[in-house]
Amino acid sequence: MSPILFAMPGNKGLTGQLGAALNWPVGRLQVHYFPDGESNPRFLDEVSGRQIVIVCTLDQPDSRIMALYLAAKVARELGATRIGLVAPYLAYMRQDARFHHGEGITSMHFAQLISGCFDWMVTVDPHLHRHHALSDIYTIPAVAVQAAPAISRWIAAHVTNPVVIGPDAESEQWASEVANAAKCPYTVLQKVRHGDRNVKISVPDSSRWQGMTPVLVDDIASTARTLIAATGHLHAAGLPAPVCIVVHALFVDDAYIALQDAGVNRIVSCNTVDHPSNNIDVCTQMVTALQQLAQLTDAS
Ligand SMILES: O=P(O)(O)OC[C@H]1O[C@H](OP(=O)(O)OP(=O)(O)O)[C@H](O)[C@@H]1O
């Protein structure tokens, strides 16, 4: 029997798309919020004896996590046999070290919470920096789908004479893969973060890229300060306005407008977080991972 997909609030579009591609039914999950803010998930279709998959992207995670946690617990209470999570954007991956005295490694605690109530997970390009793999902190089977092939195809179809540029050393993992598949050169800038909204970027020798279209590629745009700083330096180096591509379009507060005002050519994102810049579909990659994990857990 096929697993049933359920969408947490705000995830109906992607859930419907996955259901159609997989030929899996989409069930009805209602989340009622009491006047004092407590959440009360209710499955309107039977979950007893079934493997279910809950779809919940995790931008603005603190406003979503309690209802998600309860949905998983309620599904188990009602007799679901296996519970998978599709979190196209996985939150809490950036606090992967104790940066200041008295802080904790919250990525690990978040991973323990998710691993404690789901049986498996699919996500897209999690922010793996000091953790090298999801299995460093997640104890359930977890597949990280890569957006790079879809991004490369978009670049090849839409950008003339591109040079892929990663804004910092750690973005090399995305920049190199994207550039190799798009058959174009890449370079990586040097970034130092001084605070949540304070980022300094320096550009290595840019003379090689004259006459090319810079394509800034990063995993996350949150305040967009990284992309804004990179754009400013590319302008100063005499390069044309860059195309900015991100996997996860968080764009908090006025970040999207600020990036548009910084003089970019175009802003494009993958459909892991619903946003007007979504132009690159990563559903196909998620479908393959979902089929694998659902079978794996069916057989166990
Ligand atoms: O839009 P912004 O607010 O600039 O945030 C996005 C940037 O932040 C992340 O890296 P980060 O600087 O957190 O580096 P890290 O790998 O050290 O966590 C991410 O890889 C982006 O480069």
Side-chain angles (χ1 to χ4, degrees), residues 57-62 87-100 103-111 123-134 136-137 144 146-148 151 164-179 186-204 214-234 242-264 266-270 272-273 275-278 280 282:
T57 205
L58 287 166
D59 60 313
Q60 302 293 326
D62 289 13
Y89 172 65
L90 183 61
Y92 278 95
M93 291 298 290
R94 292 163 80 186
Q95 182 72 20
D96 56 358
R98 189 172 294 108
F99 298 104
H100 303 103
E103 289 181 350
I105 304 169
T106 56
S107 56
M108 191 176 67
H109 300 301
F110 191 79
T123 186
V124 180
D125 283 335
H127 186 82
L128 290 169
H129 184 188
R130 279 156 285 256
H131 303 310
H132 299 296
L134 286 172
D136 287 355
I137 49 174
Q146 293 188 334
I151 293 174
V164 169
I165 299 179
D168 55 19
E170 125 223 15
S171 66
E172 179 155 12
Q173 53 185 312
W174 296 286
S176 61
E177 267 182 54
V178 165
Y186 79 92
T187 190
V188 167
L189 310 182
Q190 283 140 23
K191 173 173 95 175
V192 180
R193 180 179 284 282
H194 297 285
D196 286 348
R197 292 167 194 271
N198 184 0
V199 170
K200 297 273 181 290
I201 299 265
S202 56
V203 184
V215 183
L216 282 166
V217 176
D218 206 355
D219 62 334
I220 300 169
S222 174
T223 67
R225 288 299 180 271
T226 299
L227 291 173
I228 290 168
T231 299
H233 281 272
L234 295 179
V243 174
C244 295
I245 303 180
V246 294
V247 179
H248 308 294
L250 303 186
F251 289 116
V252 300
D253 303 329
D254 65 347
Y256 188 51
I257 293 167
L259 182 58
Q260 286 171 322
D261 290 349
V264 299
R266 190 168 174 184
I267 306 167
V268 174
S269 62
C270 299
T272 57
V273 176
H275 189 267
S277 61
N278 288 172
I280 301 174
V282 288

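We count ligands from 1, going down the list as the structure has it; atoms in each ligand are counted the same way.
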Next item on the list: Would you check if the side chain of His248 reaches a backbone N or O of Asp59 as a donor-acceptor pair within less than 3.5 Å?
Entry: no

Notebook entry, point to check: With under 30° as parallel and over 60° as perpendicular, where do the rings of Phe110 and Tyr92 fit, or are they tilted in between?
Noted result: parallel

Margin query: Could you tell me if the side chain of Pro126 sits less than 4.5 Å from the side chain of Leu134, heavy atoms only?
Written below: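 They are in contact (side-chain heavy atoms under 4.5 Å apart), so the answer is yes.
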
Next item on the list: For residues Leu189 and His233, determine if any side-chain heavy atom of one lies less than 4.5 Å from a side-chain heavy atom of the other.
Entry: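 Answer no - side chains too far apart.
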
Check: Using a threshold of 4.0 angstrom between heavy atoms of the protein and any atom of ligand 1, which residues qualify?
Finding: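 Shell around ligand 1 (4.0 Å, heavy atoms): Arg94, His127, His129, Arg130, Asp168, Glu170, Lys191, Arg193, Asp218, Asp219, Ile220, Ala221, Ser222, Thr223, Ala224, Arg225, Thr226.
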
Next item on the list: Among Val264, Leu234, Ile267, Val246, find the one that has a side chain to side chain contact (heavy atoms under 4.5 Å, CB included) with Leu216.
Entry: Leu234

Notebook entry, point to check: Cut-off 3.5 Å, side chains only: do Tyr89 and Asp219 have a donor facing an acceptor?
Noted result: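 Per modelled atom types, Tyr89 and Asp219 side chains form no pair under 3.5 Å.
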
